[in-house]
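Take a look at the structure set out below.
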Amino acid sequence: MRALKNLFFSILLCTASLLFSQEKQKINIKYAGTAYTDSEIEDGAKVFLRDKSQQVHFVHKGVNMWCDKAIYFEDQDFIEAFSNVVMKQGDSINMVAKYATYSGKTQLAFARGDVVLTEPNSVLTTDKLYFDRTRQLAFYNTKGKVVRDTSGTITSQIGRYYMNSRKYQFLQDVVLVNPDYTLNTERLDFFTENGHAHLFGPSTIVGEDSSIYTERGFYNTNTDRGHFQRNARIDYDNRTVEGDSIYFDRNRSFASATNNITVTDTINNSLVKGHYAEVWRDRDSVFITKRALGISVQDRDSVYIHADTLMLTGKENNRITRAFYNVRLYKSDLAGKADSIHVNHQTGLTQMINLQRFSSKDAFATMRKPILWNMGNQMTGDTIHLISNIETEKLDSLKVFNNAFLVSRDTISETGYNQVKGKVLIGLFENNELYNVDIIKNAEMIYYMRNDENELVGIQKSKSGSINMEILEQAIEEIRFINQIDGELYPDSMFPKSGRRLRGFDWRGEERLMSIEDLFKDDPPLDLPVIKGLDDYIPPEEFVDSSMTERIEEAGKETPNKPNKAAQNLPEKNEAFPFPNTVSLPKGSKKKTSQ
């Protein structure tokens with residue numbers, strides 16, 4: 001029996017403790033200068049006023065609220081606060097406003113009139129603010145401004161603040177103004193602790209020296225570094241960088257890009273393409289590799305240079321292009337190959353060079369002399385220089401240094417080749433066609449002479465100090481031998497087969513580039529990295545979600561004959577989230593894919 005009494009007493013004690021605990025969960029009035037009831041407001045409503053020393057003070061589950069006047073609806077555990085309202089949650093969140101409401105049952109708060117929400121890393125100001133303490137979520141839809149010292153000022157029409165993760169989500173007409181740049185976007189997820197910004201939808205970041213466009217990106221406002229995808233583009237003065245993924249460092253004026261890259265130079269009317277690039281603005285340099293292609297755009301006939309690696313350096317009036325490893329050059333009337341190419345755009349000099357290799361394991365170790373094809377002529381040598389007129393952008397002349405060799409097929413025979421060799425070759429161009437050639441020092445020649453009916457007269461083999469040739473319509477019109485040593489014209493039947501090739505003869509007609517596509521025909525398969533970037537845009541749940549609706553309905557059950565105070569001052573559904581489930585791209589934009 002005693003044990004049963006003790007059990008009954010324990011149950012009563014627990015029940016009393018639970019009831020006391022539940023009672024303690026209601027809003028607690030800590031201080032008021034004056035208190036009274038007013039039947040004109042509502043039965044059971046209590047009015048509290050401040051005195052000269054203190055404001056009215058309420059407490060509920062770790063939240064303190066002060067105001068000059070308050071109306072407390074005790075049966076619904078709901079309070080309205082007027083004038084100089086201050087709400088504090090812990091040591092980190094502070095809010096001030098002219099007017100506020102708070103429900104002790106749902107833990108929903110609403111503030112209006114010069115609302116200022118302060119947390120350790122930012123300050124939010126707006127006209128109306130909704131606050132769900134259960135989800136630790138604040139929301140505004142009347143335009144707001146967030147100030148963060150190191151990042152700048154952010155404004156938007158709609159915004160949310162997730163207090164647990166210290167993350168803002170800004171929507172519609174989002175603008176971040178920093179002393180160094182201005183960011184515009186349609187959605188910005190911003191983390192106040194580290195200054196990280198996630199951009200969704202068409203976005204721009206415009207500074208004094210650069211302009212960035214992206215449709216998906218990340219930017220660290222503390223370090224001024226970012227990653228951008230989806231039609232990403234950076235404009236540096238008169239140079240534009242585009243790619244599937246772009247990394248940007250504002251402090252170093254540096255950008256790198258990956259996959260499907262195009263760097264356009266509007267001053268020099270040129271562009272380079274590839275699948276990995278680095279751009280240094282202050283140094284005026286571009287490095288690009290992975291199927292690198294440089295294009296010098298001309299009115300009628302652009303020049304293409306393809307190599308393993310391209311480097312462009314220098315200001316627009318002193319630009320240098322360097323191409324390394326297995327370089328190929330093409331335009332409609334000219335093609336060439338070399339180990340490397342050096343182009344001085346100021347002087348119009350293009351140098352085709354064969355670099356020496358020190359390792360037989362090098363993929364490019366096979367020594368092949370620079371080669372140039374113009375119309376029907378093949379020219380080789382240890383080094384080839386092309387000189388262009390920088391105003392007309394047409395070829396002016398060429399020089400072949402050491403082991404110069406000029407070869408062209410005989411017009412009729414299948415095995416005959418016109419050949420001339422010497423130490424140095426100097427050629428002159430008119431309308432990009434070779435019309436005059438000088439072979440200087442130790443000149444040798446084999447030439448198939450034909451009459452006006454293209455009948456073979458004989459094969460001439462000569463040696464002299466130098467040779468001059470005039471070329472007309474891709475055929476040798478006249479030959480002059482200077483300081484001739486010997487020379488003889490042989491009938492075809494009398495000219496030995498073994499003597500029809502000069503020493504060093506190397507016909508490479510099968511290598512000749514006949515189209516832009518031929519620039520890449522010997523390239524190994526291209527393996528591009530997969531770019532993940534930020535996850536796709538996922539719209540947040542509506543502010544008035546199902547859990548909030550349940551809390552509001554539950555709060556009204558105890559007073560079914562009265563309007564539910566917890567349901568007042570809530571945003572309409574279309575106000576809380578007025579956007580569709582996807583972020584639309586601007587008209588004309590396309591999602592790029594790796595090729």
Side-chain angles (χ1 to χ4, degrees), residues 148 150-152 154 165-171 174-178 180-236 239-264 272-282 285-290 527-538 582-583 585-586 589-595:
R148 185 175 184 269
T150 57
S151 302
I154 307 172
S165 59
R166 297 190 178 178
K167 165 190 167 182
Y168 277 100
Q169 185 179 85
F170 302 102
L171 298 171
V174 184
V175 181
L176 187 159
V177 178
N178 181 282
D180 296 324
Y181 58 87
T182 299
L183 184 155
N184 287 267
T185 186
E186 282 303 300
R187 171 179 164 180
L188 173 67
D189 288 359
F190 185 80
F191 296 83
T192 62
E193 280 194 305
N194 52 27
H196 290 181
H198 294 179
L199 314 176
F200 298 87
S203 309
T204 60
I205 305 174
V206 180
E208 183 178 355
D209 300 321
S210 64
S211 176
I212 300 168
Y213 175 84
T214 183
E215 289 163 12
R216 185 69 50 81
F218 162 83
Y219 194 76
N220 188 328
T221 60
N222 285 348
T223 63
D224 280 329
R225 297 172 184 168
H227 294 270
F228 310 107
Q229 298 87 37
R230 306 282 176 91
N231 297 321
R233 182 181 73 244
I234 297 179
D235 292 308
Y236 274 137
R239 181 177 285 154
T240 299
V241 183
E242 301 171 271
D244 288 357
S245 177
I246 297 178
Y247 167 79
F248 176 73
D249 188 332
R250 184 177 301 277
N251 295 321
R252 295 193 297 159
S253 294
F254 169 79
S256 64
T258 303
N259 292 1
N260 300 305
I261 303 156
T262 300
V263 181
T264 305
V272 291
K273 296 184 176 183
H275 295 284
Y276 178 76
E278 294 180 358
V279 180
W280 299 85
R281 178 184 173 275
D282 292 342
S285 69
V286 177
F287 165 91
I288 192 162
T289 187
K290 288 192 175 180
D527 184 18
L528 298 180
V530 177
I531 297 170
K532 183 177 184 299
L534 295 177
D535 291 335
D536 286 338
Y537 174 84
I538 300 177
T582 59
V583 175
L585 301 181
S589 66
K590 298 179 180 179
K591 180 180 176 181
K592 291 185 177 180
T593 57
S594 299
Q595 296 177 351

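One is the number of the first residue; the rest follow in order along the sequence. These numbers come from a predicted model, not from an experiment.
Tyr276 and Glu278 get closest at one heavy-atom pair: OH-OE2, 2.7 Å. Here the shortest heavy-atom pairing between Ala277 and Ile261 reads N-CD1, 3.5 Å. Annotation for Ser245 and Ile531: closest pair CB-CD1, 3.5 Å, computed over non-hydrogen atoms. The two residues Phe190 and Gly195 come nearest to each other via the heavy atoms CE1-O, 3.8 Å. Shown here for Gly152 and Asn178, the closest heavy-atom pair between the two residues is N-ND2, 4.3 Å. Of all heavy-atom pairs between Ser151 and Asn222, the closest is OG-OD1, 4.3 Å.
For the residue pair Tyr219 / Asp224, a side-chain donor-acceptor distance below 3.5 Å is found, with atom types taken as modelled. Between Tyr168 and Arg148, the side chains place no donor N or O within less than 3.5 Å of an acceptor N or O (distance only, hydrogens not considered).
Rounding to the nearest 0.5 Å gives a distance of 5.0 Å between CZ of Arg225 and CG of Asp249. With rounding to the nearest 0.5 Å, the separation of CG in Leu171 from CG in Leu188 is 9.5 Å. Atom-to-atom distance recorded for Thr221:OG1 and Leu183:CG is 10.0 Å, nearest 0.5 angstrom. Lys273 contributes atom NZ, which lies 9.5 Å from atom CD of Glu242 (distance to the nearest 0.5 angstrom). Rounding to the nearest 0.5 Å gives a distance of 14.0 Å between CZ of Phe170 and CD of Glu186. Atom-to-atom distance recorded for Gln229:CD and Thr258:OG1 is 9.5 Å, nearest 0.5 angstrom.
At a threshold of 4.5 Å between non-hydrogen side-chain atoms, the residues Lys167 and Thr192 do not count as touching. Side-chain atoms of Leu199 and Thr214, non-hydrogen and from C-beta on, do get closer than 4.5 Å to each other.
The side chain to side chain contact (heavy atoms under 4.5 Å, CB included) test with Arg233 is passed by exactly one of Val241, Thr264, Thr262, Thr240: Thr240.
Here the side chain of Asn220 pairs no donor or acceptor atom with the backbone of Gly226 at under 3.5 angstrom. A donor-acceptor pair is defined here as one N or O able to donate and one able to accept, closer than 3.5 Å; no such pair exists between the side chain of His196 and the backbone of Phe191.
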### Task
Show the numbers, then the answer: is there a side chain to side chain contact (heavy atoms under 4.5 Å, CB included) between Tyr181 and Leu176?
CA-CA 8 Å; Tyr181 58 87; Leu176 187 159; 3.8 Å; yes

### Message
Apply side chain to side chain contact (heavy atoms under 4.5 Å, CB included) to residues Arg187 and Val174 and explain how you reach the verdict.
### Response
CA-CA 7 Å; Arg187 171 179 164 180; Val174 184; 5.9 Å; no

### Query
Please walk me through it: do Ser210 and Phe248 pass side chain to side chain contact (heavy atoms under 4.5 Å, CB included)?
CA-CA 10 Å; Ser210 64; Phe248 176 73; 3.8 Å; yes

### Query
So Phe228 and Ile212, side chain to side chain contact (heavy atoms under 4.5 Å, CB included) or not? Walk me through it.
CA-CA 9 Å; Phe228 310 107; Ile212 300 168; 3.8 Å; yes

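Qualifying side chain to side chain contact (heavy atoms under 4.5 Å, CB included) partners for Asp282, counting only residues two or more places apart in sequence or in other chains: Ser253.
By the 6.0 Å and 45° rule, Arg239 does not stack over the aromatic ring of Tyr236.
Using the six-membered ring where Trp is involved, His227 and Tyr247 have ring planes that are tilted, between 30° and 60° apart.
Looking at Glu193 and Arg166, a side-chain N of the basic residue comes within less than 4.0 Å of a carboxylate O on the acidic one, giving a salt bridge.
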List, one per line, each side-chain donor-acceptor pair under 3.5 Å for residues 201-209, sequence neighbours excluded.
from	atom 1	to	atom 2	distance (Å)
Ser203	OG	Thr185	OG1	2.6
Ser203	OG	Gly201	O	2.8
Asp209	OD1	Arg281	NH2	3.4

